[in-house]
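Since the structure comes first, as structure tokens, the remarks are kept for the end.
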Amino acid sequence: MKFPSPAILLAFCAFKAIAQDTSLGEVKRAFDAAHIPGNLSLAFEPKVLLEVTFPEPAAKPIVLHAGVHLPRNATVGPPKFSVLGPASKGPFVVAMVDLDAPTPQMPTSAQIRHFLGGNFFLESTRTPSLLTNTTPALSNFLQPTPPAGSDPHRYVFLLFDQPRGFNNQTLVTPTTSVALFNISQFAGAVGLGQPLGGTFMLVGPDPSTA
Ligand SMILES: *[C@@H]1O[C@H](CO)[C@@H](O)[C@H](O)[C@H]1NC(C)=O
Ligand SMILES: *[C@@H]1O[C@H](CO)[C@@H](O)[C@H](O)[C@H]1NC(C)=O
Ligand SMILES: *[C@@H]1O[C@H](CO)[C@@H](O)[C@H](O)[C@H]1NC(C)=O
Ligand SMILES: *[C@@H]1O[C@H](CO)[C@@H](O)[C@H](O)[C@H]1NC(C)=O
């Protein structure tokens with residue numbers, strides 16, 4: 001057969017739709033439905049798609065779509081970041097926070113900073129383009145580890161334009177506690193502005209501990 005049948009094409013499109021973010025409107029609706037802008041104290045009007053990809057040791061990499069529920073063992077990472085859509089070449093700042101630590105009902109240590117890095121540049125002018133980081137991260141990637149018995153946590157990834165002088169900020173360094181972080185406060189203090197894009201995933205405790 002020369003061309004895939006309509007059924008196969010349809011199945012492929014349906015898979016594409018759940019496999020990654022393809023619409024800014026859908027990403028925004030997913031953020032709003034999960035109360036993320038309110039919990040972040042940040043306006044979220046995405047201009048580009050931030051594609052977050054987890055490598056998997058024995059399977060195809062997983063590309064997040066906003067709100068996907070992943071088993072913890074698929075989030076070993078570190079994730080790779082790409083940008084789809086019109087964007088400057090960089091630099092960009094990427095952040096990942098847990099809004100629900102230790103539990104969504106009592107997020108008394110949130111936000112937990114799971115990643116913070118600057119000096120990301122588009123690797124190419126194609127879209128999507130991988131983001132490559134020219135300096136070490138301020139906070140290295142931490143795998144989600146919701147405590148036993150917790151409901152799944154919301155792990156949010158955000159892309160910002162990097163302001164001038166960002167490399168001189170001292171609010172967050174590799175030795176700063178990752179708990180009780182506030183990305184809105186940090187963004188205000190260092191001039192990140194509003195996120196250009198983002199996505200999120202839900203991750204619960206390992207089944208063996210749940
Ligand atoms: C924060 O998120 C919770 C759901 O996890 C929601 O009930 C609450 O209204 C949100 N708060 C704000 C200020 O958006
Ligand atoms: C994660 O654990 C489940 C069992 O809980 C297993 O079926 C699956 O293959 C594991 N995936 C990875 C990526 O290790
Ligand atoms: C950052 O700090 C360096 C060295 O202290 C200084 O030369 C530079 O002007 C600063 N840059 C900005 C944008 O503040
Ligand atoms: C984070 O900081 C913002 C100010 O930018 C504030 O409105 C908000 O209440 C803070 N959130 C938490 C959880 O402390």
Side-chain angles (χ1 to χ4, degrees), residues 15 18-20 27-46 52-80 93 95-116 138-139 141-163 166 169-172 176-196 198-210:
F15 177 73
I18 60 157
Q20 65 194 81
V27 173
K28 181 174 160 48
R29 280 192 292 280
F31 268 63
D32 289 342
H35 305 286
I36 290 172
N39 279 197
L40 286 174
S41 305
L42 275 182
F44 185 68
E45 301 290 342
V52 176
T53 304
F54 279 90
E56 301 300 329
K60 277 176 37 183
I62 295 176
V63 183
L64 299 194
H65 77 92
V68 67
H69 194 153
L70 292 186
R72 195 185 92 90
N73 64 355
T75 63
V76 173
K80 292 185 186 311
V93 173
M96 171 186 175
V97 296
D98 175 0
L99 290 180
D100 296 315
T103 67
Q105 291 78 11
M106 291 279 280
T108 48
S109 47
Q111 298 150 23
I112 305 284
R113 194 172 59 252
H114 277 256
F115 181 81
L116 181 66
L138 294 165
S139 281
F141 173 73
L142 297 174
Q143 185 183 5
T145 47
S150 173
D151 286 332
H153 292 197
R154 294 165 296 168
Y155 295 90
V156 183
F157 296 86
L158 296 168
L159 177 76
F160 297 89
D161 266 326
Q162 180 171 319
F166 180 78
Q169 70 78 32
T170 51
L171 287 174
V172 172
T176 313
S177 165
V178 296
L180 296 175
F181 183 55
N182 183 331
I183 186 70
S184 159
Q185 200 175 57
F186 179 75
V190 304
L192 293 180
Q194 301 192 342
L196 292 175
T199 192
F200 70 101
M201 62 183 181
L202 301 172
V203 181
D206 274 327
S208 52
T209 64

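First listed ligand is number 1; within each ligand, the first listed atom is number 1.
Judged purely by atom type and a 3.5 angstrom limit, His153 uses its side chain to pair as donor or acceptor with the backbone of Pro102. Looking only at distances, no side-chain donor or acceptor of Arg113 sits under 3.5 Å from a matching main-chain atom of Val172.
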Polar pairs, ligand 2 vs protein, N/O only, below 3.5 Å.
from	atom 1	to	atom 2	distance (Å)
ligand 2	2 (O)	Asn73	ND2	2.2
ligand 2	11 (N)	Asn73	ND2	3.0
ligand 2	14 (O)	Asn73	ND2	3.3

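Within ligand 1, counting atoms from 1 as listed, the ones closer than 4.0 Å to a heavy atom of Arg154 are 2 (O), 5 (O). Within the listing of ligand 4, atoms 1 (C), 2 (O), 3 (C), 8 (C), 10 (C), 11 (N), 12 (C), 14 (O) sit less than 4.0 angstrom from a heavy atom of Asn182.
Contact annotation: Gly188 has no heavy atom less than 4.0 Å from any atom of ligand 4.
Under the 4.5 Å side-chain criterion, counting only non-hydrogen atoms from C-beta, Phe186 is in contact with Leu116. Looking at Ser150 and Pro104, their side chains come closer than 4.5 Å, going by heavy atoms from C-beta outward. Residues Leu64 and Phe54 form a side-chain contact, since some pair of their non-hydrogen atoms from C-beta on lies under 4.5 Å apart. Looking at Leu42 and Phe31, their side chains never come closer than 4.5 Å, going by heavy atoms from C-beta outward.
The one candidate from Val190, Leu192, Leu196 that meets the side-chain contact (heavy atoms from CB on, under 4.5 Å) condition with Phe160 is Leu192.
Contact between Met96 and Leu142 at its shortest, heavy atoms only, is CE-O, 4.4 Å.
The shortest N or O to N or O distance between Asp100 and ligand 1 is not under 3.5 Å.
Heavy atoms of Ser41 found under 4.0 angstrom from ligand 4 belong exclusively to the side chain.
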